[in-house]
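See structure below.
Below, each value reflects all heavy atoms present in this structure, side chains not excepted, and no hydrogens, waters or symmetry copies.
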Amino acid sequence: MDETISSASSADSATAKQAERMKRLKDLHIKRNQARVENHKEVVEEDKRNKLPANWESRKRKAEWIIQDEAARKEAEAKGEDYERNKLLQIAATEAEQIARKKRSKQNPDPGFSDYEQAAIRSYNRLVKNIKPNMEAYEESKEKLGPAFYGDRNTILHGLHEDRKEAVDKMVTNLEKQIAKREKYSRRRMHNDDADIDYINERNAKFNQKLERFYGEYTRETKLNLERGTAI
């Protein structure tokens with residue numbers, strides 16, 4: 001009887017141990033799967049970060065700052081407050097001066113150009129900016145021409161429009177200004193055949209011109225003595 005009870009107790013203990021081992025094994029499988037999922041997510045996120053631009057973090061901070069700034073501006077406007085004044089009250093005078101200086105440096109009216117395409121765009125924008133349309137003449141021409149005002153592939157525009165004398169004069173004046181400006185900034189320095197040749201190339205000629213400009217009055221007498229052969 002005791003042996004039977006002891007055997008049953010041992011069997012129950014073995015079953016309990018087996019169940020405990022299976023539970024631990026199952027937990028390990030779950031943790032391994034969770035770790036695999038987390039590792040995959042981290043790999044994906046790292047791959048995304050590697051594909052982002054180098055200045056992504058600064059751009060992100062700037063975007064967040066813009067969003068916060070716009071929200072604060074709207075809140076100030078809702079309260080009837082001057083947002084720019086409130087913002088200036090919260091920063092130091094030196095920092096405010098740096099911000100103002102930076103804004104002024106960005107407001108350069110002439111950023112320049114690096115190729116002929118940009119030069120053409122600059123010229124076009126300048127001409128368009130100076131155009132002052134005559135709306136009365138526009139409406140009159142539109143009513144006179146009817147559907148032909150906009151035209152299509154079958155519309156013959158020759159003879160429909162007549163250039164006004166004021167417009168022609170304005171175009172001529174503008175072209176003359178462009179020519180004068182181009183001659184002013186594109187004038188090439190002409191070579192003087194009577195000048196002394198004291199250089200071996202273009203770069204050396206410019207260097208000699210600088211020397212003459214800064215030290216010519218001090219070395220003129222010595223140079224003349226060398227040319228006459230009377231230098232000591």
Side-chain angles (χ1 to χ4, degrees), residues 50-66 69 82-133 163-232:
N50 293 334
K51 291 181 179 179
L52 290 174
N55 59 344
W56 168 252
E57 292 296 333
S58 60
R59 290 169 59 184
K60 182 180 178 181
R61 288 194 298 268
K62 183 177 180 180
E64 292 175 351
W65 179 87
I66 292 174
D69 186 72
D82 188 348
Y83 175 70
E84 295 296 335
R85 183 175 180 276
N86 293 340
K87 188 167 65 172
L88 290 174
L89 290 174
Q90 298 176 2
I91 61 178
T94 54
E95 186 178 354
E97 179 62 25
Q98 291 177 358
I99 294 174
R101 193 183 304 113
K102 189 174 181 180
K103 287 184 178 180
R104 287 195 298 268
S105 65
K106 288 184 177 181
Q107 294 174 354
N108 184 8
D110 188 10
F113 60 92
S114 58
D115 52 34
Y116 290 106
E117 181 181 359
Q118 292 186 11
I121 293 174
R122 280 159 47 89
S123 178
Y124 171 79
N125 291 333
R126 184 179 66 254
L127 294 175
V128 170
K129 185 177 180 180
N130 295 330
I131 290 177
K132 296 180 180 179
D163 297 327
R164 294 181 294 108
K165 183 178 182 302
E166 296 82 0
V168 175
D169 293 341
K170 184 178 180 181
M171 182 190 69
V172 172
T173 303
N174 184 55
L175 288 175
E176 290 176 348
K177 288 181 179 179
Q178 291 185 40
I179 293 172
K181 186 175 181 180
R182 193 177 299 114
E183 290 178 350
K184 178 180 178 181
Y185 288 100
S186 300
R187 184 180 71 252
R188 295 183 61 86
R189 292 182 175 85
M190 302 301 293
H191 175 68
N192 185 5
D193 293 331
D194 296 331
D196 294 334
I197 305 299
D198 59 351
Y199 53 88
I200 59 175
N201 52 38
E202 186 85 13
R203 184 175 181 182
N204 182 237
K206 292 181 180 179
F207 179 75
N208 291 341
Q209 290 173 1
K210 290 182 180 179
L211 290 178
E212 180 65 25
R213 184 163 64 250
F214 291 106
Y215 305 106
E217 60 178 318
Y218 307 108
T219 60
R220 187 172 296 110
E221 186 66 26
T222 303
K223 186 176 181 181
L224 291 175
N225 290 336
L226 289 171
E227 291 177 353
R228 289 194 299 262
T230 58
I232 299 176

Partners passing side chain to side chain contact (heavy atoms under 4.5 Å, CB included) against [X] (at least two apart in sequence or in another chain):
X: E202; result: K206
X: R126; result: S123, N130
X: V128; result: Y124

In Å and rounded to the nearest 0.5 Å, what is the CG to CE distance from L175 to M171?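 Those atoms lie 5.5 Å apart.
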Listed partners of N208 passing side-chain hydrogen bond (donor to acceptor under 3.5 Å, both in side chains), at least two apart: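 Expected list: N204.
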Which residues satisfy the side-chain hydrogen bond (donor to acceptor under 3.5 Å, both in side chains) test with D169, sequence neighbours excluded?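 Expected list: K165.
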Would the number of heavy atoms belonging to other residues, nucleotides or ligands and lying under 6.0 Å from CD of E117 be above 12?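 No, not enclosed.
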Tell me if a side-chain donor or acceptor on N125 pairs with a main-chain N or O of I121 at a distance below 3.5 Å.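 Side chain of N125 to backbone of I121, a donor-acceptor pair under 3.5 Å: yes, one is there.
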All N/O donor-acceptor pairs, side-chain side in residues 212-220, below 3.5 Å, sequence neighbours left out:
{"from": "T219", "atom 1": "OG1", "to": "Y215", "atom 2": "O", "distance (Å)": "3.1"}

